[in-house]
Amino acid sequence: MRRFFWLLLTAAALLLGGCGKESELRILNRGTEALTTSSTKASDDSYTPLNYSEQKAVWISYIELADFLADKDEASFESEFLTAIENIKSSGFNTVYVHVRAFSDAYYTSSYFPKAAILSGTSFDPLEIMIKIAHENDISFHAWINPFRCMSENDIEQVSDSYLVKQWYNEGTIVKSADDSTLYWMNPSYDEVFELICNGVSEVINNYDVDGIHFDDYFFPTTDEAFDKEEFESSCESDLSEYRMSRVNKLISEVYSTIKSLDENILFGLSPQGNIDNDYSTQYADVKLWCSEEGYCDYIVPQVYYGYESSCPYEETIDEWNDMCEASTVSLVIGLGEYKIVTEDEFISTKGIIANMINDAKELSCYSGVAIYNYKNLFAPDEENAQRVSAEKELIEDSLK
């Protein structure tokens, strides 16, 4: 059992309460029908992840969490998140990707990462509450992590020296700034970074009943050649891009292995940019490898936030992703930028554009679902955009049926 394994590793009594009810558990596979088993979970039993053959997902970022958490006590936060999950479920979604670590800070009880600043003064554990509410509503919960991204200089200065990220910041080599960012980043050249990230993933899995681990498109921190110049030169590699790509691949592979060593049914999902050229040139993300070979991810969610008339046309782009997944077991979930219906001309002027995109995605041979970014714009838009969003939301709900 996963928790028993964790007890052996840590020699600590880490016990979590079970839901104590019979629930329908689904394992993700291609197709529209879910695989189901009935399982009654006792407090000392390992958790069976809840996942769906067709993901209908919503991203809930640290931005939305800030709204839910700011100046809230435990009861108020629980009420806010319950409302969010009820909104999501009633609209036909079945999965959430929720930020649990956005800037090397934790929205949960962690031994490896400092508590998120917005939780200062609070005694409750947001992640425990969120998972409980999600599962009570049959919503699959994927813990969203940004692996390399750290805080701003001002924020990281406030972190205790007991944390590795602060120690590495003080040393100035493993955690450092990049010319094109105001944030600090962990340097992927160091295996110690991978160890910390994998330890953090293990900690989440062993202490919480998550259904998946989810990384989005912040893979390599920067294109700035100076960022890892010394490490690259000492590596004896001849091509910087290939070197960086190999480091990112190593991280992804190690995280995948870490997850599967703890529970093979927990999914690992990656959400790269929808523009494949950008993935290689700016993120050093080897998406063709991840989509075609085992050992990197279970599902991939390209962020195809483009219109039909874009320079990166929607239909052409999803076809390219489908082709990459066709010879593999990697499930393809199409990420859609719903927020653009109030920010970009083609989306503003085309009623039903997101619903149309969902319907087009369903025609793909590798289709395994869609994911909407973001929660706030769809369910709590600004007053001036409420009418436009409401009209789009109704059509989205129809397309999800």
Side-chain angles (χ1 to χ4, degrees), residues 54-67 84 87-99 144 214 216-218 269-279 282-283 287 299-322 332-364 366-401:
E54 181 185 9
Q55 279 191 27
K56 302 173 185 180
V58 177
W59 275 284
I60 300 178
S61 75
Y62 70 92
I63 300 170
E64 282 95 357
L65 290 182
D67 290 340
N87 287 339
I88 286 166
K89 182 176 181 177
S90 67
S91 291
F93 296 97
N94 59 26
T95 301
V96 288
Y97 311 142
V98 183
H99 251 143
W144 174 10
H214 183 85
D216 69 347
D217 62 331
Y218 289 99
L270 302 173
S271 182
Q273 292 186 20
N275 186 316
I276 297 168
D277 289 341
N278 282 354
D279 286 321
T282 68
Q283 299 292 311
V287 294
Y299 69 91
I300 197 154
V301 194
Q303 298 171 28
V304 192
Y305 298 170
Y306 317 120
Y308 290 93
E309 300 171 5
S310 162
S311 58
C312 190
Y314 176 76
E315 289 180 288
E316 179 181 315
T317 302
I318 62 173
D319 284 342
E320 290 175 357
W321 283 98
N322 189 74
L332 177 62
V333 178
I334 300 299
L336 302 172
E338 179 275 336
Y339 69 96
K340 288 197 170 185
I341 65 172
V342 297
T343 63
E344 192 169 298
D345 286 347
E346 183 184 352
F347 288 79
I348 293 170
S349 61
T350 309
K351 183 178 179 181
I353 187 169
I354 300 298
N356 292 340
M357 289 176 170
I358 293 171
N359 290 329
D360 287 338
K362 288 180 176 181
E363 298 300 316
L364 299 172
C366 297
Y367 170 79
S368 292
V370 292
I372 300 292
Y373 186 84
N374 57 27
Y375 171 83
K376 185 174 182 178
N377 190 70
L378 188 60
F379 293 102
D382 296 336
E383 186 175 346
E384 63 186 276
N385 299 316
Q387 187 174 355
R388 172 71 183 93
V389 172
S390 178
E392 190 70 27
K393 181 169 164 288
E394 288 183 12
L395 295 171
I396 291 172
E397 291 171 353
D398 286 342
S399 68
L400 290 174
K401 293 177 181 177

key: Partners meeting side chain to side chain donor-acceptor pair (under 3.5 Å) with Gln283 (sequence neighbours left out)   =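 Gln283 satisfies side chain to side chain donor-acceptor pair (under 3.5 Å) with no residue once adjacent residues are dropped.
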
Please round to the nearest 0.5 Å and tell me the distance separating atom [atom1] of [X] and atom [atom2] of [Y].
{"X": "Lys362", "Y": "Ile334", "atom1": "NZ", "atom2": "CD1", "value": "13.0 Å"}
{"X": "Ile396", "Y": "Ile353", "atom1": "CD1", "atom2": "CD1", "value": "10.5 Å"}
{"X": "Cys366", "Y": "Ile300", "atom1": "SG", "atom2": "CD1", "value": "11.5 Å"}
{"X": "His99", "Y": "Trp144", "atom1": "NE2", "atom2": "CH2", "value": "4.0 Å"}
{"X": "Asn359", "Y": "Leu400", "atom1": "CG", "atom2": "CG", "value": "9.0 Å"}
{"X": "Thr282", "Y": "Asp277", "atom1": "OG1", "atom2": "CG", "value": "10.0 Å"}

ask   = Using 30° and 60° as the class limits, which term best fits the ring planes of Tyr339 and Tyr305: parallel, tilted or perpendicular?
value = perpendicular

query = Do Glu64 and Ser61 get their side chains close enough for a donor-acceptor pair, meaning under 3.5 Å?
reply =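 Side chains of Glu64 and Ser61: pair found under 3.5 Å.
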
message = Checking Leu65 against Ile60 for the side-chain contact (heavy atoms from CB on, under 4.5 Å) test, could you report, in this order, the C-alpha distance in whole Å, the side-chain angles of both residues, the deciding distance, and whether it holds?
response = CA-CA 7 Å; Leu65 290 182; Ile60 300 178; 4.3 Å; yes

message = Would you say that more than 12 heavy atoms from the other residues, nucleotides or ligands in this model lie under 6.0 Å from the NZ of Lys351, or not?
response = no

inquiry  = Does Phe379 have more than 12 heavy atoms from other residues, nucleotides or ligands lying within 6.0 Å of its CZ?
reply    = yes

For [X] versus [Y], what's the shortest heavy-atom pair and its separation?
{"X": "Pro302", "Y": "Gly274", "value": "CB-CA, 4.3 Å"}
{"X": "Pro381", "Y": "Ala386", "value": "CG-CA, 3.9 Å"}
{"X": "Leu378", "Y": "Lys393", "value": "O-CD, 3.6 Å"}
{"X": "Trp321", "Y": "Pro272", "value": "CH2-CG, 3.6 Å"}
{"X": "Ile88", "Y": "Val96", "value": "CD1-CG1, 3.6 Å"}
{"X": "Ala361", "Y": "Val370", "value": "CB-CG1, 4.2 Å"}

ask   = Would Asp217 and Asn278 satisfy side-chain contact (heavy atoms from CB on, under 4.5 Å), going step by step from the backbone distance to the final call?
value = CA-CA 11 Å; Asp217 62 331; Asn278 282 354; over 6 Å; no

inquiry  = Whether the side chain of Asp279 engages the backbone of Gln273 through a donor-acceptor N/O pair (distance < 3.5 Å, no angle test) should be reported.
reply    =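 Judged by distance alone, yes, a pair lies under 3.5 Å.
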
query = Got a donor-acceptor contact below 3.5 angstrom from the Ser271 side chain to the Val301 backbone?
reply = yes

note = Residues at least two apart in sequence or cross-chain that pass side chain to side chain contact (heavy atoms under 4.5 Å, CB included) with Asp382, listed by chain then number, are Glu384, Asn385

remark   = By side chain to side chain contact (heavy atoms under 4.5 Å, CB included), Glu363 pairs with (sequence neighbours left out) none

query = How far apart are the C-alpha atoms of Tyr308 and Tyr314, what are their side-chain angles, what is the distance that settles it, and do they pass the ring-ring contact (aromatic ring centres under 6.0 Å, His included) test?
reply = CA-CA 5 Å; Tyr308 290 93; Tyr314 176 76; 5.4 Å; yes

task = Please step through side-chain contact (heavy atoms from CB on, under 4.5 Å) for the pair Tyr306 and Met357, ending with a clear verdict.
result = CA-CA 10 Å; Tyr306 317 120; Met357 289 176 170; over 6 Å; no

Pairs flagged by side-chain hydrogen bond (donor to acceptor under 3.5 Å, both in side chains) wherever residues 369-379 is involved - sequence neighbours left out = Asp67-Lys376, Asn87-Tyr375, Glu338-Asn377

request  = Write out all pairs satisfying side-chain hydrogen bond (donor to acceptor under 3.5 Å, both in side chains) with one or both partners inside residues 88-97, taking only residues at least two apart or from two chains.
outcome  = Gln55-Tyr97, Ser91-Glu397

request  = Begin with the C-alpha distance, continue with both residues' side-chain angles, and end with the deciding distance and a verdict on side-chain contact (heavy atoms from CB on, under 4.5 Å) for Val389 and Ile341.
outcome  = CA-CA 7 Å; Val389 172; Ile341 65 172; 4.1 Å; yes

key: Counterpart residues, salt bridge (Lys or Arg N to Asp or Glu O under 4.0 Å), relative to Glu392 (two or more places apart)   = Arg388

